[in-house]
Every structure is written in structure tokens, then in C-alpha cells.
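As C-alpha cells, the structure follows; a few thoughts come after it.
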Amino acid sequence: MDQNHDPQLLSDGAELNRAASTDAIPPSQEQTQSSPDEFELSLEPSQAGADEADRAEEEDLPSLPDGLPALPKIPAVRKLASSLVAYGFTEGAATAVARAIARPEEARKRLQNPDIMRVPGGILRTITTQVWAPAVSHFPGNNREAGYRVYPLSGALSPGHFPALRGLEANPGQTGELVLQAQSRAHVVSAMDKSSSFLARHNDLTETIGQHGILRELLLTVVRIDHETEDEPPVWALAGADGSSRISASHRIHALGASDILYGLPGDDRKYRHLLSQVLGTGERPREDVTPDDVKRARALVAPATLVLDFTPDASSQLKYDQAVKFIVGITHVEPPKPWGTASENDALADPVIEEFLSAGRLTRTRAEWFAADLTPDEVRSNVLDPWPDTRVAEIVSTFLDAEEHALFRKGVLRITAKSKVTADFKAKVVTEMILRPWRAANADADAADRVSGTRSTLQRMLKWTPLQASGWHASGDNDPDKMLESALRNLKEGGNAEAAGVELGVRGGYYLAVHGTLVREARGRTVDYRTPSSVLQRMTENPHGLRTLHRAIVDGRQNKKPQRVDEAGTPQLNLNNKPLEADDTWLRSTFSAVGDAIASPPIEGDVTTPESEFEAAKTHFANLVASLESALVAAESVRGHSRSFVREQGWPQVHAEDLGLRLDKVSGRLKMYAAIAEAAEEAHLGNTDEADEA
């Protein structure tokens, strides 16, 4: 074999193994940082509840992976390389592939009976195997970055900078190699590191790979890199035609750059084998000596792969290997399967969450089936479960949104998704789909699509209500709305808030308000009230009129009627024809107005205005605008990017953000000035009163 490509591979195995235990390699530079999208409840539970969730997040570290291959013996690697040469590989390609395969003995057996992958115009012969991630490169010229490349013809290429790597090509006929033409090693390293940086910005899977490893098979092909510089011989690499984001993420976890992957480790087998043995040895160390970064490196060490052995065009086809590879990647990324849709994705997550709570003993089998909407109405009654929809809703909310159960909820999510952080907003969306299953099925016709979508949006925002996301609130188990109202009114009178009974009225009544469209999500076009549904519910539980309205919503909802308006005594309001007046969003928001508005206070009628009344109206309008501003910022922050919120990934354009910040600072300064004036006026007033008393 060509010594330029693997100078140490044929050296003495005993010497290599001794070196593997003594040579030092650079430690990982990967730093574990807390994401701004961690389970934060700044608008929901107490700080203590958030701290508990954070601790659960920290304790729920990924376990060490099971079934990692052993470091292959050098003779086994040599035999595989020889078998690949016999199959038709060049020596450089055979060496690159053999060093990358984690189980060389199995790969040799599969070479004898490869799989067939059909493409229009030819066939690919492949084998499935496992590979060491540090021996695999992400794809040169990855098409994910095609729209961002700076092409020389544009004239925008900065002086002294290398152009993008040109497309890979292949010779006509049967072959298993792609060829990349580059100016020099520096050209390759520069372009590949720039590509890795792009992937980190636009499709960063580092957290996901560190948590789960690479789960889906990579599609690997041999790439020969030819350098225009005369004194630089070609090098062979095993590259992922499909899977660059995953490969790049694994390299970041191991703190490896393109220079290491393509030129460093292939030319230093001692260092390469030491890197593998060091990570493989993690499982033999005491658990207290293993850091989260150690676990991430172990997870990111091995990947499943489909290795393309060669391509054979049909007799009448002019298709080349590079075109066949582009076709396979194209149908994966350019014409992928239609996404499930957010609602379907959230609904699919509900079942593993329920299963996790069942496995942990938090639910009985019957209650799990009830929550999953898998019981018939007759089965609900025969199992002595309450048939009213609002009871199921209250039980689901108190079970799954409790901050103390966050770790268990997250564990359920991780059963079928690689989502690394589970936020309060995300939990509300999953629980919403669980709640809506029976109602959604009953409203599945096309005409109800907008209604279902609107109800979903309202419920998601309701479930971000502070007491629901905190620790400690649970459904009472008493399903009589009259008793709930009595208890809530008593608590409100004695302690100033309705406590748990008021929250339960809010959850149950709020469900009926949402499904009947009586309360809807905040709207951009609204000019008066921008509060979220959870804010409206909170306001309703702060006074007797609101509690009686929620009680009425439960009574009417159980009769499948739209909730009615009630007066402060709880009596349904009638129109001139003695017909009940239905409650609607406008009535709810005006009757239970934002903090600062006088609830149930008679408005000034006619044209009579005073400075005091105008100022009160202006203050109320300003307070509503501030609430709207906060809501708009939360909405902007909730837009998801690849692995966390989009604004956390990309930031807010600097000029725009600084301008907005400066204007808000000025507004804040003026408010503080007015507050100081009010304080001085109050002190002056108190001083005058004291002087009068003394006189």
C-alpha cells in the first residue's frame, strides 16, 4: 500500500498499542453551555420551581451508550484493506475505508454479498456497517450551503481568500470514487472549516448528537482529493454524501477540524487509535470521574452507515457515479416527504409522554388510556371515571404540566425525538393536542379546520398560565362546579385570591370558553386588548364576577351550549326578547379588563371629560400597549430555529435592536421621572397634612 496515505498502518501492532496508552492528544474544546431555551418559566412558576426543573435537567444526563465496538486489532484492519483492494478499490481508498470501519471482520463478510441500491440509469452496490466518526469527513461542497457560496464570477471574493471547492466528479463507467480538485491542502482545509462553521450556524446538531449520537445511517462514499500543488500527493477520505450536519456536529464534540480529519489523523495512526481508545475507555472509569463531555464524546464516536462500494451504469446509460449520488441526495433533501405538520408532531409526542408516566407508576393503565382518548364513553363510565370533558382536561393539566414532573415529561419526549430542551411553551403544545384529541376528532370536517386551529392556539396560550406551570397545583377530584365556585369565592373573600379552586374553575371553564370560540388568542389587529388568554383567565379568577362566569361556562359547556354572560350575582343576562346573551371575546376582555382598569366601574357618560378621566384613559391605554409589547416580544422569542429559538440563534439585527432599545430606554427614563414627581407630590401632601394637624 501507498505509505503516503497511511505510514503507520503496517507498523508493529504491539508498538502501536503501547503508544496508544502513552501518547497525549489535545483535550476537547467543546464546552457545555446552558441553552437560553432551557425549561424557563419566567412568566409561569416560582423561581424555586424553575430551579427544580433546572436541577432535573442537569441530573438527566445521557447514559453511556451500550454496545460500543472494541478498538479493532491492526491485523483485522489490514485484512479488510486487502479485501477492499481485491474488490477493486485503490490502495489509498481501501486504507481510508478500512481505518474508518468499526467492525472490520463483519464488513469483510458483507463484501461477499453486498446490497443493491437502484437509481435511474444504474445500480449502486452497498454494505451497511458502523464507522468511527473521527475517520469520516462531511461532504465537500455540501449543497445545504449552495445558496450562500461566493462564486468567483461575482467579483465578491475577498483578496487572499480561497474560492469554494468545485463540484466532485467521477469518471464514466464503473467506479466507486468521487474526485475533488483543489488548489492545495490549505484550500481544502479552509473550505471545509468554513463549511463546518456554516453548518454550525444553520443546522447545529451538536446538542442532539451529544444526547443521542448519530442514529440515522450516513451515506458514505470514497472521495479522492487531488491537489494542484505538485509536491502534494492525493489523499483519500470517506465522506458523507448525506449526513454532513451530523458528521460536522460529531467533529465539534471531539474538537476536530478539517485538518485533523483529512490530513492529521490519517497520517498519524498512533494518535488516531489513541483518540478512539481514550473515548472507548470512558465506560471503564468510575461514574464520578466521567463528565458530561465524556459522555457526549462516547455518544458521538460511532455512526451507522451505508457504504457505497461502486456504481455500475446500465448498458444504455451515460449516467456517472457523481450524478447517481446527487440523485440520491436530491430525493432526500430537495424532494423530501411532506412534513407531518406541527400539530401532528405534537400529537405524536403525547403517547410516549403518557407511556413514560405509566412506566414510572404515575398513572394506572386505565387512566393512561383515558388521557390518550383510547377509551370509549361506555368504558369511561364502566371504569368509574367522570364523563365530563372538563374533568379529563383538569386531570391531564395537573398531571403533565406540574414542574415537579418536568424530568419525566422530558424523558417521554426523548423516546421518539432528539429534542434536547423541553420548554414550557413546548409542553403546553403537546398537552394541548392530548386534550383536544376527542374534540378534534368530532370536528374533523373541512369546514371546522379554522375552528380547530383557533381553539388549538387559544388553549396553548391558556396552558402557559402561571399556576399550571408551577409546582403544587392538582385537580381537586371533586367535579361539582357549584362546590368549586363556593370554595373559590370563600378563598377570595378570606385571603384575597381564589387559590386552587379558582385555578380549577379557570382550567375547566377556560376549556369550554376555548372550544366554543368565546375566548380567543390575542390578535395583532386588536386595538384595545393584547392580553394572552392566560392573562384573561388570571383576571377572571381575581374577582367574584369572573369566578361566576367560569362556573357558568362549565355548566353550559357540559350541556354543549355556548357559555352565557352572567351578571355579578351569577344570573344569566337576557336580551329584550328574553333570550340568553352569549359571552364572547369582546365581552370577556372588556368586563374583565387589564390590571389598572376599574372593573365594574360605571364609565363617564356623555361629553363630560376631566383631566383626571382623560389621564386615566391614557394610562390604561399605555398599560395595554406595554402588555402588548411584552406579548409581541414573547411571540418573537417563541419562533423556533434549528435547535432553539430563532432569535437566540441569529440574534436581532443590531441597528434595529439598538434603535428599539434606545427608544425604550427613553420611555423608561420618562416613566421614572414621572414616578419621582408623584413621590415628591405625595411627600409634599403628607407634609402639609402633618403641619395642619400640628396647628
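- S83 pairs in a side chain to side chain contact (heavy atoms under 4.5 Å, CB included) with only one of the listed residues (R108, R78, Q112), which is R108.
- Among all heavy-atom pairs drawn from S277 and L71, the shortest one is CB-CD2, 4.1 Å.
- Remark: R437 engages D347, D351 in a side-chain hydrogen bond (donor to acceptor under 3.5 Å, both in side chains) (not counting sequence neighbours).
- At least one donor-acceptor pair under 3.5 Å links the side chain of T229 to the backbone N or O of Q183.
- Here the closest heavy-atom approach between residue E105 and residue A76 is recorded as OE2-CB, 3.5 Å.
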*V235/H227 under side chain to side chain contact (heavy atoms under 4.5 Å, CB included): CA gap, chis, key distance, verdict*: CA-CA 9 Å; V235 297; H227 309 97; 4.1 Å; yes
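- In terms of modelled atom types and a separation under 3.5 Å, the side chain of H138 and the main chain of G243 share no donor-acceptor contact.
- For the pair I74 and R273, the minimum side-chain heavy-atom distance is below 4.5 Å.
- D260 contributes a side-chain N or O that, together with a main-chain N or O of G257, makes up a donor-acceptor pair within less than 3.5 Å.
- Pairs of residues two or more places apart, or lying in two chains, that qualify as ring-ring contact (aromatic ring centres under 6.0 Å, His included) and include a residue from residues 167-191 are F162-H187.
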*Determine, step by step, whether F327 and L319 satisfy the side chain to side chain contact (heavy atoms under 4.5 Å, CB included) criterion, reporting the C-alpha distance in whole Å, the side-chain angles of both residues, the deciding distance to 0.1 Å, and the verdict.*
CA-CA 11 Å; F327 174 81; L319 189 72; over 6 Å; no
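- Looking at R103 and T129, their side chains never come closer than 4.5 Å, going by heavy atoms from C-beta outward.
- Interatomic distance, CD of E405 versus NZ of K427, reported as 8.5 Å (0.5 Å rounding).
- Considering only heavy atoms from C-beta on, K326 comes within 4.5 Å of D322 through its side chain.
- Atom-to-atom distance recorded for W132:CH2 and L276:CG is 5.5 Å, nearest 0.5 angstrom.
- Atom OG1 of T306 sits about 9.5 Å away from atom CD1 of I328, to the nearest 0.5 Å.
- Nearest approach of F139 to A241, heavy atoms of both residues: CD1-CA, 3.6 Å.
- Look at R456 and E433 and you find a salt bridge, because one of the NZ, NE, NH1 or NH2 atoms lies within 4.0 Å of a carboxylate O, short of that distance.
- Within the 4.5 Å cutoff, no side-chain heavy atoms of V325 are placed close to those of V308.
- Residues P69 and L280 come closest through the heavy atom pair O-CD2, 3.3 Å.
- For D204 and T206, the side-chain atoms include at least one donor-acceptor pair closer than 3.5 Å.
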_The test is side chain to side chain contact (heavy atoms under 4.5 Å, CB included); show your working for L111 and L80 and say whether it passes._
CA-CA 9 Å; L111 278 176; L80 176 58; 4.1 Å; yes
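- For P286, the side-chain contact (heavy atoms from CB on, under 4.5 Å) partners at least two apart in sequence or on another chain are E288, D289.
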Just list the side-chain donor-acceptor pairs under 3.5 Å for residues 168-175, sequence neighbours left out, or say none.
{"from": "Q174", "atom 1": "NE2", "to": "D310", "atom 2": "OD2", "distance (Å)": "3.1"}
{"from": "T175", "atom 1": "OG1", "to": "E177", "atom 2": "N", "distance (Å)": "3.2"}

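- Between E207 and the options K296, R644, R299, R252, a salt bridge (Lys or Arg N to Asp or Glu O under 4.0 Å) holds for only K296.
- Panel note: side chain E284, backbone G281; no donor-acceptor pair is recorded below 3.5 Å.
- For S245 against N203, the heavy-atom pair with the smallest separation is OG-ND2, 2.7 Å.
- With 3.5 Å as the limit, one finds no donor-acceptor pair spanning the side chains of T95 and R99.
- There is no side-chain donor-acceptor pair under 3.5 Å between Q460 and T432.
- Applying the side-chain hydrogen bond (donor to acceptor under 3.5 Å, both in side chains) criterion to D314, with sequence neighbours excluded, gives R118.
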*Which is it for S196 and D193 under the side-chain hydrogen bond (donor to acceptor under 3.5 Å, both in side chains) test, yes or no, and what are the steps along the way?*
CA-CA 5 Å; S196 182; D193 280 343; 5.8 Å; no
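- Below 30°, between 30° and 60°, or above 60°: for Y321 and F311 the angle between ring planes is below 30°, a parallel geometry.
- Here CZ of R246 is found 11.5 Å from CG of L199. Values are rounded to the nearest 0.5 Å.
- The two residues P114 and R125 have their closest heavy-atom pair at CG-CD, 3.9 Å.
- Taking 4.5 Å as the limit, every side-chain heavy atom of W236 sits out of range of all side-chain heavy atoms of V97.
- Residues V639 and V647 form no side-chain contact, since every pair of their non-hydrogen atoms from C-beta on lies 4.5 Å or further apart.
- Atoms CD1 and CG, from I247 and D242 in turn, are 8.5 Å apart once rounded to the nearest 0.5 Å.
- Looking at heavy atoms from C-beta onward, D115 lies out of side-chain contact with I127 at the 4.5 angstrom threshold.
- Side chain of H251 to main chain of V136: a donor-acceptor pair is present (N/O by atom type, distance under 3.5 Å, no hydrogens or angles).
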*Could you walk me through whether R185 and L262 pass the side chain to side chain contact (heavy atoms under 4.5 Å, CB included) test, one step at a time?*
CA-CA 9 Å; R185 289 191 176 198; L262 296 172; over 6 Å; no
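- Applying the side-chain hydrogen bond (donor to acceptor under 3.5 Å, both in side chains) criterion to E228, with sequence neighbours excluded, gives R166.
- M192 places none of its side-chain heavy atoms less than 4.5 Å from the side chain of I261.
- How far OG1 of T126 is from CD1 of I116: 7.5 Å, rounded to the nearest 0.5 Å.
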